[in-house]
Number of protein chains: 2
Amino acid sequence: MLEKSHKHVTCATCSARKNSLFGTYGESEVMDLNHEKMCNYYKKNQPLFIEGSFPRGVFCLNQGKVKVFTRGDEGKEQIIHIAKAGDVIGFRSMFSGEPYKVSASTLEESNICFIGKDDFLVMMDNNPILRNGIIKELSKELGDRAQFITNMAQKSVRERLAFSLLILADIYGEEEINLTREDMANFVGTATETLIRLLKDFKEDEIIEIHTRKLLIVNRDKLLRIAGR
Amino acid sequence: MLEKSHKHVTCATCSARKNSLFGTYGESEVMDLNHEKMCNYYKKNQPLFIEGSFPRGVFCLNQGKVKVFTRGDEGKEQIIHIAKAGDVIGFRSMFSGEPYKVSASTLEESNICFIGKDDFLVMMDNNPILRNGIIKELSKELGDRAQFITNMAQKSVRERLAFSLLILADIYGEEEINLTREDMANFVGTATETLIRLLKDFKEDEIIEIHTRKLLIVNRDKLLRIAGR
DNA sequence: GTTAAAACATGACCAATATCAGTTTTAACT
DNA sequence: AGTTAAAACTGATATTGGTCATGTTTTAAC
């Protein structure tokens, strides 16, 4: 269970900060950042922002996981990205001037800080390192999404699942992968039933272990082979 | 036929510049830009850069069209984007520090200018408007690609074709859409044969006119309805 | 602890679309 | 202009993966 008060989260001691956009911050910058941010506890399945609305700031994950997704015509979610501790999300549409093209909500209970739009933009103006970090981040994601598109267009569901599991393993690190079958299907881009059947196959092939909701990869090499490059 | 010499292309008179990243440039900035750029004539199907290599600068399209694509495991192209006059391409991986994740080559004969990496980065450092324009551009594309992914995952080929034709109509403007069936299929994300059959359907439904290679949209509303939101 | 609601799982079926194997048309090159 | 290669097109067939229907297990709420 997470600490429900936000009072204990300070940027100076935030372990997620090290590998975040603010990882290079010096002492005084961290103090400023800490002063500007507001931290909140979110329970599972709480929205951070919703497609179509306008951004008021950015979110910085101290702890927890967040799915970033769009909804297709029939309301089905397509998960574009899963953010973990240290990730900063929601800045894209702040720059493009458009409303959010994606929604975001927590996948588990999380501590998430919020930095107001104006504060964030001022920080960006004054800090070339932050600015370049953001440009780099945007560029990197753009490249990832080109591959995502190609995978969707050309790989089979089985291949995409293998690919997705490898990505999820990175995101979950030491922890077991913990997603509902529906969320996983919406990440892979398939029907829930198909996903379940394929997971069963992978389990029988001793590629993964399934512990009810949680999932462990036991043969990464096989997954790599199935996923293709 | 295009003018084959690059000598006649200068940034000051470049009509494509107005709605490019350099659209807001003042007189002296345009002179600098003109001094730094090198213009070249490309014939059809000439590569600008290739996936896996490292960027040496950016390309600015004076005239022509360029496809930006990745190759899947079996070498099949997936077209991610089609650039037109005024578009600047190839800057993504310059910022991310990674090799190109995509390739680019001309779809028709084109005049394309090149600006070296160092020159471009200096320009960015000195020009907040250019910088913000780039950040905006990266952000906008990131949003577009989220939708692209969702379309791939959830729309039928027929719906995606309708969607793609609307995008192509924007890119080609007054001109007729002029792509090989294979390129169009690689943009929609389907087999060439399937694309051909669907084009035939659309033609019979009087949604498009086909003039051998070239293609004209005659009922935009129907396309909108098929494409979904 | 009980109960209701999600989430998970499985089977049967079928539609969409890929693949393969051609033929015809168009464009490019000498 | 004639030749050749590439592109466009067509038909037959195979198959992936989505949908629907239904049952079971797990989780969450009271």
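Keep in mind it's a predicted model, so treat the numbers as computed, not measured. Numbered from 1 within each chain, the chains take letters A, B, ... in sequence-line order.
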Contact state string [nucleotides 15-24 of chain C, B base, S sugar-phosphate only, - no protein heavy atom under 4.0 Å]: --SSBB----

Donor on one side chain, acceptor on other, B:Glu109 and B:Tyr41, under 3.5 Å: yes

Helical stems, DNA chain D - three or more consecutive Watson-Crick or G-U wobble pairs below 3.5 Å: C:1-30 with D:1-30

Nucleotide C:dA6, atom C1' - distance to CG of A:Asp183 in whole Å: 13 Å

Ion pair check, B:Glu98 and A:Lys140, cut-off under 4.0 Å: yes

Under 3.5 Å, which protein N or O atoms sit close to an N or O of nucleotides 2-6 of chain D? Give each pair with its distance.
none

Pair listing, ring-ring contact (aromatic ring centres under 6.0 Å, His included) test, anchored in residues 48-86 of chain A, at least two apart: A:Phe49-A:Phe59, A:Phe49-A:Tyr100, A:Phe59-A:Phe114

Gap between atoms CG and C1', on B:Asn45 and C:dA27 respectively (whole Å): 13 Å

Residues, nucleotides or ligands: over 12 heavy atoms within 6.0 Å of B:Glu182 CD: no

Donor + acceptor pair across side chains of A:Ser93, A:Ser96 (<3.5 Å): no

A:Glu159 with A:Arg225: basic N within carboxylate O range, under 4.0 Å: no

ring-ring contact (aromatic ring centres under 6.0 Å, His included) contacts in which one or both residues fall within residues 163-193 of chain A, not counting sequence neighbours: none

N/O (side chain, A:Lys200) to phosphate O (OP1/OP2, C:dT10) under 4.0 Å: yes

Atom-pair distance (NZ on B:Lys203; P on D:dC9), nearest Å: 8 Å

Rounded distance in Å - CG (B:Leu199) to C1' (D:dT10): 14 Å

Non-hydrogen side-chain atoms of A:Ile217 and A:Leu168 separated by less than 4.5 Å: no

A:Ile50 atom CD1, neighbour heavy-atom count above 12 within 6.0 Å: no

Carboxylate-amine/guanidinium proximity below 4.0 Å for A:Asp170 and A:Lys84: no

Side chain to side chain, B:Ile82 and B:Val66, heavy atoms closer than 4.5 Å: no

Of B:Lys214, B:His211, B:Arg213, the residue whose pairing with B:Glu176 passes side-chain hydrogen bond (donor to acceptor under 3.5 Å, both in side chains): B:His211

A:Glu77/A:Arg71 ion pair, N-O < 4.0 Å: yes

Base-contact (B) and sugar-phosphate-only (S) positions in nucleotides 23-30 of chain D, heavy-atom cut-off under 4.0 Å, - elsewhere: ---SS---

Rounded distance in Å - CD1 (B:Ile196) to C1' (D:dA7): 8 Å

A:Leu215 CG - C:dC8 P separation (whole Å): 11 Å

Rounded interatomic separation in angstrom, taking CD from A:Glu77 and P from C:dA7: 11 Å

